[in-house]
Each structure stands twice: as structure tokens, then as C-alpha cells.
Amino acid sequence: MKVLVINAGSSSLKYQLIQTDTGEVLAKGLCERIGIGGSKLTYKPTGKGKYETQKDMKDHTEAISMVIRALSDPETGVVRSMDEIDAVGHRLVHGGEAFSEAALITDEMLRVLEALCELAPLHNPANLMGIRACQTIMPNVPMVGVFDTAFHQTMPPEAFLYGLPYEAYTDLQVRRYGFHGISHSFISQEAIAKLDKPAEETRVITCHLGNGSSMSAIKGGKSVDNSMGFTPLPGVTMGTRCGDIDPAIVIYLMDKLNLDTVGINAYLNKQCGVQGISGVSSDFRDLWTAAEEGNRRAELALRIFAYHVKRYIGAYAAVLGGVDAIVFSAGVGENDSGIRALAMEGLEYLGVDMDYKRNETLPRGEEGEISKPGSKVKVFVIPTDEELVIAKETARLAAK
Ligand code: ADP
């Protein structure tokens with residue numbers, strides 16, 4: 001099956017066309033600055049170069065129609081016509097408690113997604129725009145929604161409830177939802193397949209460390225905890241998001257910096273994390289360069305980030321009653337051997353016997369084991385592939 005995977009943001013739209021039986025990416029790309037002028041389409045057919053088209057796209061529907069035109073272009077396209085696209089898979093951020101797995105997109109689903117916009121005001125409305133645009137351009141193609149929250153719906157109440165009045169949960173849906181579930185599910189399954197143990201008995205800690213970062217405790221293949229919460233803001237400190245902080249800080253800063261709710265939201269999401277600590281960058285490559293040049297705040301940012309990862313490993317090892325595997329993934333987890341080394345230092349008591357040399361020499365973006373062969377706890381680097389998971393889920397559901 002050929003599945004078009006769509007990840008729609010408010011002014012951007014990432015896409016990949018995937019042949020699901022082989023996992024081959026036929027083409028991928030990005031629409032940027034949708035609806036805000038100066039729009040650009042990037043189109044990369046696999047093995048055939050990269051093309052850019054500057055043309056204003058007033059909304060997501062125009063963006064999708066440009067994507068389809070690029071994919072079916074007589075010279076640089078990868079399909080003869082739109083009819084070759086068998087299904088569309090949408091990455092959806094928030095499925096609340098309504099979705100514990102991917103589902104076919106129906107009118108009823110759209111109504112539920114609308115209602116969930118309140119819980120994810122930055123993401124769900126944009127996801128809906130992506131769906132509606134595809135429905136307009138490709139009305140007869142089956143569509144599937146794959147959620148970032150769904151995998152974490154197996155968390156027990158002690159993990160997902162906060163120390164708030166119970167009514168905050170029952171009346172206002174305030175609870176931990178957890179995010180990056182598509183990735184945590186994929187990398188944990190890959191790790192479990194490498195363990196010499198029945199899947200139901202496995203205890204895995206997954207570290208999805210990118211621009212946004214989250215960690216998960218996974219027991220018998222099911223998520224039992226995730227470091228993100230009601231929103232993707234808490235957990236380990238991130239590129240520009242604060243991660244865990246004392247909630248009273250929010251009130252204090254609103255008062256001291258004279259910020260309203262919009263202002264504090266932007267502050268906590270865009271000005272914090274390693275960017276805020278270092279004052280240098282949210283990109284870990286820049287941080288290492290600055291640290292090597294003697295920038296103390298950049299070095300501190302790296303140490304704080306790695307410390308948070310270690311702290312969650314400790315917490316989740318306790319939650320799981322031991323660990324069989326720790327998995328690193330995403331931009332930082334796959335590429336940054338320095339962060340991996342800092343986070344894993346001193347975990348021998350848990351049964352981790354790191355191969356630091358292997359950690360350092362593992363080629364970037366490649367899968368590998370970075371613990372020693374006899375290590376009780378296996379440590380893996382496993383590149384995540386969220387688009388492939390979405391494409392496969394979509395193909396499975398669309399075939400029904
Ligand atoms: P997103 O959360 O946006 O999906 P990614 O998982 O793609 O993010 O991760 C992006 C981050 O990965 C970058 O901000 C950068 O800090 C980090 N990164 C990418 N390549 C490297 C590298 N070679 N070394 C260290 N960090 C890297």
C-alpha cells in the first residue's frame with residue numbers, strides 16, 4: 001500500500017509517502033509558512049534530489065494540493081496520479097481518554113477531536129486543518145488518525161493522577177496523558193525483540209530525547225508512566241521547554257515579569273530548557289561547541305539535561321522493579337554520545353555495564369548496543385521512525 005503520512009502544524013505540514021510493504025520512503029518534504037506569506041514547499045523524491053517551490057499557500061488545503069502536485073509531477077513525481085495513494089495517515093497529538101489506539105477517521109472522530117482542542121489548543125486545531133484539507137482534496141481516500149497519547153492510555157491511575165482534587169480529573173480532564181507514544185511504542189517493541197525474555201516479563205525505560213524530550217516506563221510492552229503530563233511541557237528539561245518545575249514558580253513569574261496567561265505559556269514553552277539555561281542555543285551541537293570553548297552556562301545546560309534523564313531512569317527503575325533495557329532515541333538520543341555517557345555514568349548499581357568506547361564510536365543515527373555483552377541491563381540506541389509506524393497502522397486499518 002502507498003500511504004501518505006501527514007504531520008500538520010498550525011503553519012507547517014510535513015509529509016512522507018511510504019510504500020508500507022517494504023517500508024520504503026518514496027518521497028518526503030515540508031510546507032512552511034502556510035497562511036502567513038512567503039510559503040515554501042520542499043519536495044524530496046528518494047534518490048532524485050531536492051526541489052523547492054516558493055508559492056503562497058493560503059491554507060492547508062492549498063498546501064495539500066501542492067504536495068499532491070509534486071508527488072504526481074510527470075518529471076519528478078513518484079506516482080502517476082493521486083489515485084495511487086491508497087490511504088492517508090495523520091499524526092494526531094491528543095486523543096485524550098477517547099483513543100487508546102489508532103482509528104479510522106470518521107465524522108464521529110472529528111467531533112471528539114474538536115472537543116479535545118481545549119486540551120491541546122496548540123496542536124489539535126492544526127491536526128484538524130490537515131485532516132479537513134485532505135478530505136477536500138482526496139474525498140474518497142480512507143484516512144487514519146494515529147495519536148501521540150494513545151500508547152500511554154495503559155498507565156495506571158497512580159501514575160496518571162495528580163495530587164489535585166479528584167474533581168479536576170472528573171470535571172476538567174486534568175490528568176497525565178503522556179506524549180511521544182508513537183515513538184515510545186516503536187522503540188520499546190524493537191528493544192523487547194532483542195531481549196532474551198518473554199515480552200510480558202520485560203521492563204524497559206525509553207528515552208525519546210529530541211527538541212522535545214520524554215521518557216517512559218514500559219512493563220510487558222505497555223506504558224506505565226511517561227514524563228510528560230497534561231501537556232508536553234513537563235518532564236526532563238527540553239530544547240526550549242522548561243520540564244518539571246515547582247508550579248508556584250508560574251504564579252511568581254507571572255507576577256514578577258508581568259505576564260498574562262499567553263505570555264507565561266510562551267515563556268515556559270519557548271524561552272526555557274537548555275536554551276534558557278545556556279543563553280546560547282536549544283541545539284545540543286551548539287551547546288557542546290560552546291562548552292568546549294569554556295562557556296560555563298552551556299556546560300551547565302548539558303549537565304542539567306543529563307541529570308534529569310538519570311533522575312527519571314532511577315524513578316522508573318523503581319516503578320518497574322528493575323530494568324532489562326534502556327533505550328535512547330530521537331535527535332539527541334541517537335546522535336549525542338556525550339549526553340548518553342553523562343546520563344549513564346554511575347548506574348552500575350542498577351546492573352548497567354556501559355561500553356563507553358562503543359557508545360562514542362557508534363555511527364550517528366545507527367542502531368546498536370552500547371552496553372557490554374555481559375551487562376545485566378542492556379543499553380540500546382534505536383533510531384525512531386514515527387512516520388513508518390503511522391504508515392503501517394494506517395495500512396492495517398485502511399485494509400479492513
Ligand atoms: P523534534 O523533537 O523536533 O522531533 P529531533 O528528534 O529531530 O527533534 O531532535 C532535534 C535535536 O536533536 C536538535 O535540536 C539537536 O539538539 C539534536 N541533534 C541533532 N543532531 C545532533 C548531533 N549530531 N549531536 C547532538 N545533537 C544533535
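Position 1 is the first residue of the sequence; numbering continues from there. Read the numbers this way: they start at 1 and go in the same order the structure lists the ligands and their atoms.
Using bins of under 30°, 30° to 60° and over 60° for the plane-to-plane angle, the ring pair Phe179/His94 lands in the perpendicular bin.
Proximity of Ile6 to Ile64: side-chain heavy atoms (C-beta onward) are separated by under 4.5 Å at one or more points.
Checked by atom type, the side-chain pair Asn226/Ser216 shows a donor-acceptor distance below 3.5 Å. With 3.5 Å as the limit, one finds a donor-acceptor pair spanning the side chains of His152 and Ser223. Judged purely by distance below 3.5 Å, without hydrogens or angles, the side chains of Thr206 and His184 pair a donor atom with an acceptor atom.
Closest to atom 24 (N) of ligand 1, if we only count protein heavy atoms, is Arg285 CG, 3.4 Å. The protein non-hydrogen atom at the shortest distance from atom 22 (C) of ligand 1 is Asn335 CB, 3.3 Å. Protein heavy atom nearest atom 11 (C) of ligand 1, with residue, atom name and distance: Asn211 N, 4.0 Å. Scanning the protein heavy atoms around atom 26 (N) of ligand 1, the nearest turns out to be Phe284 CB, 3.7 Å. Given atom 13 (C) of ligand 1, the protein heavy atom at minimum distance is Asp283 OD2, 3.9 Å.
By the neighbour-count criterion of 12 heavy atoms within 6.0 Å, atom OH of Tyr51 is densely surrounded, having more than that number from other residues, nucleotides or ligands. The number of heavy-atom neighbours closer than 6.0 Å to NZ of Lys270, taken from other residues, nucleotides and ligands shown, is 12 or below.
The closest approach between any non-hydrogen atom of Gly212 and ligand 1 is below 4.0 Å.
Among Gly333, Ser183, Ser329, Gly331, the residue whose heavy atom lies nearest to atom 9 (O) of ligand 1 is Gly331.
Protein non-hydrogen atoms do not reach within 4.0 Å of atom 4 (O) of ligand 1.
Atom numbering of ligand 1 starts at 1 in the shown order; those under 4.0 Å from a heavy atom of Arg364 are 23 (N).
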